[in-house]
Amino acid sequence: MISLSGLNQPQRTAAETIEGPVLILAGAGSGKTRTLTYRIAHMVDNLGISPRQILGVSFTNKAAREMRERIMTLLGSRKARGLTLSTFHSLGVKILKKEITRLGYHKNFSIYDMSDQQAIIREALKHYKAEKTFDKKIIHSKIGLLKNKGISVDDFADTPFFDDEDPYDHATLHVYQYYEDKLRFYNAIDFDDILFLTVKLFRKFPEVASEYSRQFQYIMIDEYQDTNGLQFELVMGLTREHNNLCVVGDDDQSIYSFRGADISNILNFEKNFPGAKIIKLEENYRSISPILDLANRVIEENKNRRDKTLWSQKPSEFKPILWQMADTDHESQVVVDEIVKHQGSGGHLGDIAVLYRSNTQAQAIEEQLRLSQVPYTIIGGQKFYEKKEVKDLMAYLTVINNPSDQLALRRILNIPHRGIGNRTLDKYLELATQKNINLFEAMRSQPDLDPRRETPIKEFIGLIEDFQSYFQQKPLEESLSLLIDKTSYLEFIAKQYDSAKQVERRKTDVMMFIESAERFSKFYQGSATLQSFVEKLILQDSQDNQNLDEDEDDDIRRNEVTLMTLHSSKGLEFKIVYLIGVEEEILPHKKTILEGQGIDEERRLCYVGITRAQEKLIMTYCKERKIYGKMTVRHKSRFLCSDKVMPIIVEQDRTTFGHLSEEEAKQYKKDFFQGLREKLGD
DNA sequence: TCGTCCGGCGTTTTT
DNA sequence: CGCCGGACGA
């Protein structure tokens, strides 16, 4: 029996309201995950609902994993067995793997990422002749937008999204068509298709939607403010046979509209799901009151939001601080100086985060941290599977799994060099078009197309075919190691790079790849196919991999300062938060000021930043800043200018040491220059 | 096929 | 100010 007595009243109501549509408006730090885990545990343990009937959907693997772990702690793994907790995308893949043949795809489809998409779009634009040249990025994002609105290429021209006068839309139509044809031919689907095809499946075969809806009698969606049109339609499909839908979210933390997230999904919930029960979680367990006061006053300026006021039982005298700095150098020096002081007095660096609007702002801080030899990590950056070596090996696995995948095939055709260059490739592409077969088939059927290339072609085809059977018979990591061996891939890397350090780094990536295959096959045992392995890698974010690799315990942060964007910080908390560059044209960003739209979302971003801090919030802005090489005068962000906000923050001018007494200022200057000399001395 | 030069542009990015 | 992508030349 699970006791809900540890929950506060609204949390408890949320955990106990099981039937019908429920919207849990969970303010920042209000114990959302706790509420959800107790809700599920309560359903299973107290109400006797089978875990097989429960579906929990989140956006990140991390969130899904965390939820699972916490439910395991409450219920134990035996009682939790059969529970489905996954991301939107992995749920989509799971459904498609079973049903995609209904849409005319083979089961062994490949999943294309951004760079694969770009490659096809580039190709499509080459074929499209017009006087104008087109920006492939604009077209790429338009196709993405269309897919996320659930609009197929066949329907595009009949929608309001198509403007007959606009040459860009005509180009987009052409590229979209070409793109879809290619994906079909390669037996590949893209990231957006994972959701789009699932939705198409539900549209075309309502009985399939009903089947899943009957299986999942109780559905929970996390971070509902970030759902887009497709995800909404997917949810509608899954609730065809009942309306036991519980969504959790916070409209004030909706910061992903540029990726298609539609805040109206959460704002209109009770319109879409009549009879919905709305529960507000407003008690915050994270921050001291002055920080929440600031957060409330900043966000209440937004119109068109659900009224919420965060409060906590942690009063404090410490007001949030706003520092005015001379320029970016000064900003980073003062911040890092402050961090060093914290470290010097025995403070833990894992308690500190430096947050910023855009990645470029990290550079100055990073440099300063390095100079002061303060350990740090930067969140974000390149994903594991985007590394060149990993992509190469993944392309091998992809071709072995799905030889129709021409993009992957072309990537590895001459890696390592085997004398099959572009001339040979072109000949085979022509042959393939002529005979209407795929590239792999073309090579296999006529290896002697160019007699001088017969041997390498035959060897290559043989290699792929050999490994098709190896991978069926032997464990994943064993076949993979053999593949790397047979292709002399490591020797190839060694030849590619001049510096030994580079070679070492790349080889480490390869080793990490093998290790992840090993872990994967250990975990999934019999069901560890190479397709599911590649899928897993693509659907996984970089942080998952870090966690997988290091096997560290999550509760204790390492003794390192964390640097990240405001976007990446959502959901996290730190004792001390430095929010840097709270400045017009940064937060809100220049582009949104110019467009006059999206200022609300910038304000929400500011709100997200503020609510990350538990005990100490320090915000900064600069008087001057070098923009594209030119010094420019800067102003404090409008978000901190209102009459309501000013009295509850402490603003200090750090350029004049105005935060110190005269005596202290003298000492500080002395220390500062002493410190500077030491750093330069190194 | 690769290197180099010039012009344009410059956010955020859970999968 | 720098990076990236396209164009063009060796």
Side-chain angles (χ1 to χ4, degrees), chain A residues 57-66 86-94 111-114 117-118 122 125-126 133-137 140-141 144 147-148 189-196 198 221-228 230-231 234 249 253-261 328 355-363 379-386 414 417 421-423 425 535-545 564-572 581 585-595 598 601-602 604-606 608-609 625-632:
Chain A
V57 186
S58 59
F59 275 81
T60 64
N61 294 299
K62 197 176 156 208
R65 200 182 331 116
E66 198 179 310
S86 76
T87 64
F88 272 106
H89 286 80
S90 45
L91 177 70
V93 168
K94 204 183 262 175
I111 298 174
Y112 279 2
D113 70 0
M114 296 265 286
Q117 290 178 291
Q118 269 167 22
R122 195 179 306 136
L125 271 175
K126 270 191 199 144
T133 55
F134 296 94
D135 182 346
K136 65 175 187 300
K137 266 166 113 182
H140 190 170
S141 66
K147 287 197 175 193
N148 279 308
I189 71 175
D190 68 23
F191 246 78
D192 299 323
D193 281 335
I194 295 175
L195 300 177
F196 193 15
T198 312
I221 313 285
D222 194 11
E223 304 282 12
Y224 192 67
Q225 76 282 353
D226 291 333
T227 49
N228 64 28
L230 275 183
Q231 285 151 344
L234 194 63
Q253 294 184 72
S254 166
I255 54 174
Y256 282 103
S257 74
F258 67 94
R259 289 186 89 256
T328 43
L355 309 181
Y356 35 81
R357 172 69 234 257
S358 68
N359 285 309
T360 51
Q361 291 172 262
Q363 283 172 15
I379 306 286
Q382 205 180 31
K383 290 175 178 167
F384 182 62
Y385 81 83
E386 281 169 354
N414 210 21
H417 300 302
N422 269 347
R423 282 202 56 107
L425 174 66
E535 253 160 33
K536 174 105 182 167
L537 282 173
I538 289 193
L539 293 180
Q540 208 164 47
D541 56 293
S542 50
Q543 265 183 284
D544 284 353
N545 268 298
M564 67 185 136
T565 62
L566 287 166
H567 281 90
S568 321
S569 76
K570 200 175 73 170
L572 305 176
E585 302 197 343
I586 291 185
L587 187 66
H589 192 270
K590 189 174 184 180
K591 208 151 194 167
T592 63
I593 297 175
L594 287 174
E595 286 169 0
E601 186 153 315
E602 297 290 307
R604 293 195 285 268
L605 219 34
C606 184
V608 166
R625 182 179 293 264
K626 229 182 209 166
I627 306 269
Y628 311 137
K630 225 176 86 189
M631 265 305 181
T632 325

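In what follows, every chain begins at residue 1, and chains take the letters A, B, ... in the order their sequences are listed. It should be emphasised that the depicted structure is a prediction, and the values quoted were computed from it without experimental measurement.
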Report task. Return yes if the base of dT12(B) and the side-chain atoms of R259(A) contain a donor-acceptor N/O pair under 3.5 Å, otherwise no. Result ->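 It does not, because no donor-acceptor pair links the side chain of R259(A) to the base of dT12(B) below 3.5 Å.
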Once you round it to whole Å, what is the distance between [atom2] of [N] and [atom1] of [X]?
{"X": "D226(A)", "N": "dT12(B)", "atom1": "CG", "atom2": "P", "value": "18 Å"}
{"X": "I627(A)", "N": "dG2(C)", "atom1": "CD1", "atom2": "P", "value": "14 Å"}
{"X": "D113(A)", "N": "dT14(B)", "atom1": "CG", "atom2": "P", "value": "13 Å"}
{"X": "I111(A)", "N": "dT15(B)", "atom1": "CD1", "atom2": "P", "value": "13 Å"}
{"X": "L230(A)", "N": "dT14(B)", "atom1": "CG", "atom2": "P", "value": "18 Å"}
{"X": "Q363(A)", "N": "dG10(B)", "atom1": "CD", "atom2": "C1'", "value": "12 Å"}
{"X": "K137(A)", "N": "dC9(B)", "atom1": "NZ", "atom2": "P", "value": "11 Å"}
{"X": "M564(A)", "N": "dT11(B)", "atom1": "CE", "atom2": "C1'", "value": "18 Å"}

Please state the [atom1] separation for the pair [N] and [M] - nearest whole angstrom.
{"N": "dT14(B)", "M": "dC3(C)", "atom1": "P", "result": "23 Å"}
{"N": "dT11(B)", "M": "dC4(C)", "atom1": "P", "result": "12 Å"}
{"N": "dC1(C)", "M": "dT12(B)", "atom1": "C1'", "result": "22 Å"}

Report task. Using a 4.0 Å heavy-atom cut-off across all strands, classify S90(A) as base, sugar-phosphate, or nothing. Result ->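 Answer is nothing: S90(A) stays at 4.0 Å or more from every strand.
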Requested in this report: Give one of base, sugar-phosphate or nothing for Y256(A), where a contact means two heavy atoms less than 4.0 Å apart.
Outcome: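 It contacts base atoms.
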Nearest to the side chain of [X] - [options]?
{"X": "Y628(A)", "options": "dT15(B), dT14(B), dG10(B)", "result": "dG10(B)"}
{"X": "H589(A)", "options": "dT11(B), dT15(B), dT14(B)", "result": "dT11(B)"}
{"X": "H567(A)", "options": "dT11(B), dT15(B), dT13(B)", "result": "dT13(B)"}

Query raised in the report: Is any side-chain N or O of N359(A) closer than 4.0 Å to OP1 or OP2 of dT11(B)?
Result: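 No.
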Query raised in the report: Can a side chain N or O of S568(A) be found less than 4.0 Å away from OP1 or OP2 on dT12(B)?
Result: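 Negative; the distance criterion is not met.
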Judged by atom type as modelled, is there a donor-acceptor pair below 3.5 Å linking the side chain of [X] to the main-chain atoms of [Y]?
{"X": "N61(A)", "Y": "L539(A)", "result": "yes"}
{"X": "H140(A)", "Y": "Q118(A)", "result": "no"}
{"X": "E595(A)", "Y": "T592(A)", "result": "no"}

Requested in this report: Using the aromatic ring of F191(A) (for Trp, its six-membered ring), decide whether it stacks on the base of dT15(B) within the limits of 5.5 Å and 30°.
Outcome: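 So F191(A) does not count as stacking on the base.
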Query raised in the report: Using a distance-only test with no angle check, is there a side-chain donor-acceptor pair under 3.5 angstrom linking Q225(A) and E223(A)?
Result: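 Yes.
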Query raised in the report: Quick one: does T227(A)'s side chain get under 4.5 Å of Y224(A)'s, heavy atoms only?
Result: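 Yes - at least one pair of side-chain heavy atoms lies under 4.5 Å apart.
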